[in-house]
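Notes to accompany the following structure.
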Amino acid sequence: MTAPVFVVDSLRPGDLPAGEYVLDGPEGRHAVSVKRLRAGEDVVLTDGRGRWAEGVVKAAEGKDRLIVTELETVHEEPVERPRVTVVQALPKGDRGELAVETMTEVGVDAIVPWAASRCVTRWKGDRGLKALGKWRATAREAGKQSRRVRFPDVADAATSKQVASLLADAEFAAVLHESGDEPLAAVELPTAGDIVLVVGPEGGVSPEELALFARAGAKPYRLGRSVLRTSTAGTAATAVLLARTGRWS
């Protein structure tokens with residue numbers, strides 16, 4: 001899918017009267033004023049939840065209205081299996097958005113922000129809500145940029161106990177940690193169900209957290225000889241998993 005992707009609130013057959021759609025607001029402005037789309041160019045509209053439709057630009061009006069036509073069929077992309085969730089410890093500064101952006105581009109299905117004990121960053125009150133909103137907006141924009149039609153879910157921030165519960169329900173659960181004897185690239189992976197991967201903070205996963213996650217069924221695994229930063233480890237690990245589960249084949 002190479003045509004530019006734009007997000008709409010809903011995309012059901014009844015939402016496309018006469019096969020024509022007016023894309024306005026921020027998405028329309030991006031299409032007209034930034035992308036500078038013109039009549040005859042192909043576009044894809046999606047709700048970000050798996051539904052999408054191909055269309056052709058009929059006209060661009062003003063600075064923020066794009067008229068799209070030939071929207072005859074709404075497709076639905078099936079949910080990928082196995083589903084890959086990354087529990088991402090909160091990094092400092094804008095490295096959280098970087099992690100979300102690259103994991104989305106690679107193909108992760110869900111991201112869970114984690115308030116690990118050694119995290120310097122803390123999400124509290126309005127500041128925490130604002131940070132979570134940035135992660136979700138980043139996932140949406142990265143999903144569009146990478147031509148996805150099913151964007152990753154970004155959950156509310158989780159505690160270590162909530163992460164342990166998530167790991168206990170997974171088909172395969174792993175913690176990226178230098179203490180792991182087995183490389184993630186060599187482990188046997190399921191073909192269905194949920195894969196949950198934990199990425200610790202810059203200060204590392206504490207012994208108490210490792211023990212808690214081990215009781216939930218998550219073993220430590222390593223990626224390679226080097227130690228990656230928390231903002232890049234999840235992306236590298238997701239790529240390994242998607243390649244080994246056949247989702248990239």
Side-chain angles (χ1 to χ4, degrees), residues 82-124 127-128 131-132 134-136 138-139 142 152-187 189 194-242 244:
R83 176 180 167 87
V84 177
T85 296
V86 173
V87 176
Q88 173 66 58
L90 305 179
K92 294 183 292 185
D94 61 358
R95 287 191 171 273
E97 288 99 276
L98 173 63
V100 171
E101 179 181 48
T102 53
M103 285 192 289
T104 299
E105 292 171 355
V106 167
V108 73
D109 300 298
I111 300 168
V112 179
W114 171 38
S117 64
R118 292 179 177 176
C119 283
V120 174
T121 298
R122 295 294 170 183
W123 285 5
K124 295 182 179 179
R127 182 179 178 182
L132 178 60
K134 285 184 178 180
W135 280 36
R136 287 173 173 166
T138 298
D153 298 320
V154 179
D156 293 339
T159 64
S160 295
K161 287 185 178 179
Q162 290 170 327
V163 171
S165 179
L166 187 66
L167 294 169
D169 292 336
E171 190 73 21
F172 173 79
V175 181
L176 288 184
H177 197 266
E178 59 216 21
S179 66
D181 295 326
E182 190 175 0
L184 190 65
V187 70
L189 296 172
D194 292 326
I195 294 175
V196 180
L197 180 72
V198 176
V199 177
E202 298 290 358
V205 183
S206 72
E208 294 78 15
E209 289 164 339
L210 280 174
L212 175 64
F213 297 159
R215 290 194 295 272
K219 290 176 54 179
Y221 294 91
R222 53 185 171 81
L223 276 175
R225 295 180 180 178
S226 61
V227 177
L228 300 182
R229 297 197 68 162
T230 185
S231 54
T232 55
T235 301
T238 298
V240 169
L241 294 173
L242 294 180
R244 297 206 56 245

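Scanning for side chain to side chain contact (heavy atoms under 4.5 Å, CB included) contacts around Ala155 gives Val112, with sequence neighbours left out. Applying the side chain to side chain donor-acceptor pair (under 3.5 Å) criterion to Arg244, with sequence neighbours excluded, gives no partner residue.
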Could you go through residues 83-92 and list every donor-acceptor pair under 3.5 Å that involves a side-chain atom there, pairing it with any protein atom two or more places apart or in another chain?
{"unit_1": "Arg83", "atom_1": "NH2", "unit_2": "Asp153", "atom_2": "OD2", "d": "3.2"}
{"unit_1": "Gln88", "atom_1": "NE2", "unit_2": "Thr230", "atom_2": "O", "d": "3.3"}
{"unit_1": "Gln88", "atom_1": "NE2", "unit_2": "Thr230", "atom_2": "OG1", "d": "2.7"}

Could you go through residues 211-227 and list every donor-acceptor pair under 3.5 Å that involves a side-chain atom there, pairing it with any protein atom two or more places apart or in another chain?
{"unit_1": "Arg222", "atom_1": "NE", "unit_2": "Gly180", "atom_2": "O", "d": "3.4"}
{"unit_1": "Arg222", "atom_1": "NH2", "unit_2": "Asp181", "atom_2": "O", "d": "3.4"}

Below 3.5 Å, can you tabulate the donor-acceptor pairs from side chains in residues 160-177 to any protein atom, sequence neighbours excluded?
{"unit_1": "Ser160", "atom_1": "OG", "unit_2": "Trp114", "atom_2": "NE1", "d": "3.1"}
{"unit_1": "Ser160", "atom_1": "OG", "unit_2": "Glu209", "atom_2": "OE2", "d": "3.4"}
{"unit_1": "Gln162", "atom_1": "OE1", "unit_2": "Thr159", "atom_2": "N", "d": "2.8"}
{"unit_1": "Gln162", "atom_1": "OE1", "unit_2": "Thr159", "atom_2": "OG1", "d": "3.4"}
{"unit_1": "His177", "atom_1": "ND1", "unit_2": "Ser179", "atom_2": "N", "d": "3.1"}
{"unit_1": "His177", "atom_1": "ND1", "unit_2": "Ser179", "atom_2": "OG", "d": "2.8"}

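The nearest pair of heavy atoms linking Val187 to Glu182 is CA-OE2, 3.6 Å. Residues Gly96 and Trp135 approach most closely at CA-CZ2, 3.7 Å, considering heavy atoms. A pairwise comparison of heavy atoms in Leu197 and Ala237 identifies CD2-CB, 3.2 Å as the closest pair. In terms of heavy atoms, Gly128 sits closest to Trp123 at CA-CB, 3.6 Å.
For the atom pair CG (Leu184) and CG (Leu241), the distance works out to 5.0 Å, reported to the nearest 0.5 Å. Taken from CD in Glu202 to OG1 in Thr121, the straight-line distance is 9.5 Å, to the nearest 0.5 Å.
For the side-chain hydrogen bond (donor to acceptor under 3.5 Å, both in side chains) condition, the pairs that include at least one residue of residues 95-112, sequence neighbours left out, are Arg95-Ser231, Thr102-Thr235, Asp109-Arg247.
More than 12 heavy-atom neighbours from other residues, nucleotides or ligands sit within 6.0 angstrom of CZ on Arg122.
Side-chain contact between Val120 and Pro201 is absent, with no heavy atoms from C-beta onward closer than 4.5 Å.
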